[in-house]
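Note that ligands are numbered from 1 as they come in the structure, with each ligand's atoms numbered from 1 the same way.
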Amino acid sequence: MARYIFITGGVVSSLGKGLMAASLAALLQARGYKVRIRKFDPYLNVDPGTMSPYQHGEVYVTDDGAETDLDLGHYERFTGVSAHQNDNITSGRVYRDIIAKERRGDYLGATVQVIPHVTDAIKEFALADQGDHDFILCEIGGTVGDIESLPFMEAIRQLRNELEPDQTVSVHVTLVPYIAAAGELKTKPTQHSVRELASLGIKPDVLLCRCEHPLPESERRKIAQFCNVRPNSVIPALDATSIYAVPQQYHGEGLDTEVLRHFAMLGTSNPPTMSRWEDVVDRYEHPEGEVTIGVVGKYVGLPDAYKSLNEALVHGGMANRTKVNIRWIDAEVFEQDDSEIVSALEPLHGILVPGGFGERGSEGKIASVRFARERKVPFFGICLGMQMACIEAARNTASIDAASSTEFGETSEPVVGIITEWMSKEGLQKRSADTDLGGTMRLGAYEAKLAENSHVSEIYGGATTISERHRHRYEVNSHYMEQLEAGGLIFSGMSPDGLLPEIVERPDHPWFVGVQFHPELKSRPFDPHPLFSGFIAAALAQSRLV
Ligand code: GLN
């Protein structure tokens with residue numbers, strides 16, 4: 001049976017619990033263990049799919065089509081283990097399932113209550129699908145003391161009693177703030193947080209203390225004494241130079257060692273093999289070239305809205321030993337003032353139009369595609385970005401002036417339109433314009449066939465079939481393919497049935513690729529996605545021209 005590590009957070013939110021969970025999992029993996037990470041989100045949405053990226057950052061999509069919290073992206077990037085539908089649960093999903101059962105009469109007349117019904121459902125989720133994993137890490141969203149996280153805390157308390165004593169470890173992430181006026185680090189918030197957790201019946205075994213200044217030994221002992229943990233189990237976590245340096249740093253502070261000690265596994269565990277992380281950090285910290293990429297999008301005010309994209313660009317840089325500067329550009333500014341386009345895009349070595357929803361900013365994105373095409377600047381269009389590339393081609397190379405997407409309203413030339421039927425692994429899927437917005441897109445991994453001798457098949461190392469993750473409601477309309485190809489935009493990737501365009505490219509351009517899927521979701525620091533490696537290599541070549 002798997003061992004369980006429960007990760008909670010205290011004092012404030014945004015302490016990087018997700019990154020901590022991912023790093024701990026990576027360290028256990030580096031010792032040869034098989035790991036899996038799960039996220040418990042206390043909010044009432046069934047999944048984050050309907051939330052604005054401004055609310056909750058990017059929606060991360062798994063191979064099996066779940067729309068999940070962005071922390072699952074960290075988990076995958078740090079461990080390479082693909083997450084599943086059942087690795088992310090929300091209060092909303094728990095309540096939805098319980099209420100559906102209640103309506104069916106499954107509870108046989110019982111009063112349905114938070115304890116035991118909600119807590120049982122949470123425990124069931126934690127214990128499901130253990131496979132042959134050595135460790136299952138469970139991260140609880142939010143901060144100890146939140147009303148909405150109480151059932152999750154109670155479920156953990158119960159599990160710690162029900163499982164064997166050396167089968168669970170509780171890690172609590174806190175903040176040790178620095179008060180500049182006093183010149184001191186303050187341990188009181190950590191003490192309060194641990195007391196709050198203890199009042200819920202959970203004693204932490206390991207404390208990970210986020211701090212901006214080194215934690216003196218005296219303060220470490222004080223935290224240990226007041227919080228009822230071993231001094232060695234108080235792990236200082238100073239801000240790292242980059243997220244990729246975090247596993248090595250936490251290892252240096254003894255995090256994995258302490259966790260294994262609590263499981264009584266130190267004697268049998270091998271030391272971790274850290275070469276993977278040493279190479280990643282070396283590539284990140286010692287670049288030999290530098291490029292500037294412009295991302296022309298809508299949610300540019302919040303970096304978390306494009307988390308995976310940001311990371312995939314960095315991975316593409318690592319593959320080329322190149323520092324990637326990302327300039328986030330609001331597509332809307334191009335709509336107010338044409339001259340802005342040249343001044344914003346001219347200094348760039350590559351232009352990327354990412355995924356997005358809605359009409360706002362779309363004309364600015366189309367103008368950016370045109371600039372990249374005409375000036376022969378490397379261009380990468382992802383999902384909505386590919387759709388914009390097709391509309392640009394229709395308008396400016398095929399004289400279809402009214403070309404648009406039905407996502408933006410009625411149009412006489414639907415170069416991009418709603419898809420009402422498609423084949424998935426589960427069989428024929430049907431949708432209409434007025435189905436629910438939640439969970440009804442083309443979601444998850446789908447295959448695409450690549451045209452022989454195309455640029456993308458070369459990028460994918462000669463592959464003829466690929467599998468990539470999708471999240472969209474609209475598709476490029478294959479009725480326009482012939483006209484767009486005559487204008488130089490080639491459809492080099494199609495769904496296996498040949499009906500849905502997956503990839504477009506321009507043979508007359510140094511690097512121009514649009515993809516209907518989200519390759520950024522599958523890029524890893526130690527295994528950069530070939531499309532991002534290729535794009536950054538092209539940007540590097542461009543930087544040597546200008
Ligand atoms: N809004 C577009 C669609 O639904 C693109 C989605 C995306 O970029 N993820 O098809």
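Taking every non-hydrogen atom of His472 and a distance limit under 4.0 Å, the qualifying atoms of ligand 1 come out as 3 (C), 4 (O), 6 (C), 10 (O). Every atom of ligand 1 is numbered from 1 in the order shown, and the set under 4.0 Å from a heavy atom of His518 is 9 (N). Residue-ligand proximity, Gly355 to ligand 1, at heavy-atom distances under 4.0 Å covers atoms 8 (O).
With a heavy-atom cut-off of 4.0 Å, Glu475 does not touch ligand 1 at all.
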Kindly determine whether Arg471 and Glu67 satisfy salt bridge (Lys or Arg N to Asp or Glu O under 4.0 Å), including the steps that lead there.
CA-CA 9 Å; Arg471 180 174 185 249; Glu67 296 177 280; 2.7 Å; yes
Does Asp63 form a salt bridge (Lys or Arg N to Asp or Glu O under 4.0 Å) with Arg469? I'd like the steps, not just the answer.
CA-CA 6 Å; Asp63 274 331; Arg469 296 184 193 169; 2.9 Å; yes
Glu502/Arg442 under salt bridge (Lys or Arg N to Asp or Glu O under 4.0 Å): CA gap, chis, key distance, verdict:
CA-CA 12 Å; Glu502 291 274 4; Arg442 183 150 85 100; 3.3 Å; yes
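When hydrogens are left out, the protein atom nearest atom 10 (O) of ligand 1 is Tyr474 N, 2.8 Å; that is the closest non-hydrogen contact. Scanning the protein for heavy atoms near atom 8 (O) of ligand 1, the closest one is Gly356 N, 2.9 Å. Atom 7 (C) of ligand 1 has its closest protein heavy atom at Cys383 SG, 3.0 Å.
Of the candidates Arg442, Glu407, Arg473, Arg471, the one placing a heavy atom closest to atom 9 (N) of ligand 1 is Arg471.
By the 6.0 Å contact criterion, CD on Glu452 is open, its count of non-hydrogen atoms from other residues, nucleotides or ligands being 12 or less. Under a cut-off of 6.0 angstrom, the local environment of OH in Tyr284 is sparse, with at most 12 non-hydrogen atoms contributed by other residues, nucleotides or ligands.
If you look at Phe535 and His349, their ring centroids are not closer than 6.0 Å.
Partner of His529 under the side chain to side chain donor-acceptor pair (under 3.5 Å) criterion, chosen from Glu468, Glu520, His315, Arg524: Glu468.
Residue Gln387 places a heavy atom under 4.0 Å from ligand 1.
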